[in-house]
Amino acid sequence: QVRLVESGGGLVQPGGSLRLSCAASKNIFSRYTMGWYRQGPGKQRELVADITTGGNTNYGDSVKGRFTISRDNAQNTVSLQINSLKPEDTAVYYCNAQWKFLGHNYDYWGQGTQVTVSS
């Protein structure tokens, strides 16, 4: 099995920055699309950003221009740089790995890390 572990969450004031990191227990980054999702209080889970093995990125409309996703395949890590934080960014942020192979879907999730934006 693949285990994903997030880190870097915490309490920050509006306008501040955080950098979230996700580490995988196995060497999967050569095959998997990696992503960050979040779920705020009373809200559904939404895509924050993802990045393919080829380096193509996709961002949710609510975070585009403020968040940056990156990956390091050699270290099996994916990071999310978060700038200009807003209270509405408060959520549990989850690391995700997805791979489709021979008609099967492989989907792994981390436990999540809490990001709280408050003055």
Straight-line distance of Q44 CD to E46 CD, nearest 0.5 Å: 10.0 Å

Exam field: side chain E6 to backbone Q111, donor-acceptor pair closer than 3.5 Å: yes

Minimal non-hydrogen separation, G9 against L20, with atom names: N-CD2, 3.6 Å

Validation row: P14, P87 side chains within 4.5 angstrom (heavy atoms): yes

Is any side-chain heavy atom of C22 closer than 4.5 Å to one of V5? no

Test T57 against D50 for side chain to side chain contact (heavy atoms under 4.5 Å, CB included), laying out the working first. CA-CA 6 Å; T57 58; D50 61 22; 5.9 Å; no

Donor-acceptor pair, side chain of N96 and main chain of Y108, under 3.5 angstrom: yes

State whether the number of non-hydrogen atoms from other residues, nucleotides or ligands found under 6.0 Å of R19 atom CZ is greater than 12. yes

Between R38 and Y93, does any side-chain donor sit less than 3.5 Å from a side-chain acceptor? yes

Run the side chain to side chain contact (heavy atoms under 4.5 Å, CB included) check on L80 and V48 step by step: do they pass? CA-CA 9 Å; L80 184 70; V48 176; 3.9 Å; yes

Flag yes if I82 and Y94 sit in one hydrophobic cluster, no otherwise; membership is Ile, Leu, Val, Met, Phe, Trp, Tyr, and two members link when side-chain heavy atoms are under 4.5 Å apart. no

Could you see if M34 belongs to whatever hydrophobic cluster contains W99? Use Ile, Leu, Val, Met, Phe, Trp, Tyr and a side-chain cutoff under 4.5 Å. yes

4.5 Å side-chain heavy-atom contact, T116 and V12: no

State, with a plain yes or no, whether a side-chain heavy atom of Q114 is found less than 4.5 Å away from one of L11. no

Check whether any side-chain heavy atom of W109 lies under 4.5 Å from a side-chain heavy atom of R3, and answer yes or no. no

Indicate whether any N or O donor in one side chain lies under 3.5 Å from an N or O acceptor in the other, for N83 and S17. yes

Note: L85 and R66 closest approach over all heavy atoms is CA-NH1, 4.0 Å

Distance, nearest 0.5 Å, that separates CG of L47 from CG of D61: 10.0 Å

Let me have the donor-acceptor pairs involving side chains of residues 67-74, under 3.5 Å, with sequence neighbours excluded, atom names and distances please.
| from | atom 1 | to | atom 2 | distance (Å) |
| --- | --- | --- | --- | --- |
| R71 | NE | N73 | OD1 | 2.9 |
| R71 | NH1 | Y32 | O | 3.1 |
| R71 | NH1 | I51 | O | 2.9 |
| R71 | NH1 | T52 | O | 3.0 |
| R71 | NH2 | F29 | O | 2.6 |
| R71 | NH2 | Y32 | O | 2.8 |
| R71 | NH2 | N73 | OD1 | 3.4 |
| D72 | OD1 | A74 | N | 3.1 |
| D72 | OD1 | Q75 | N | 3.3 |

Taking the side chain as everything from C-beta on, heavy atoms only, tell me whether C95 gets closer than 4.5 Å to Y37. no

Mind checking whether L18 and V115 have side chains closer than 4.5 Å, heavy atoms only? yes

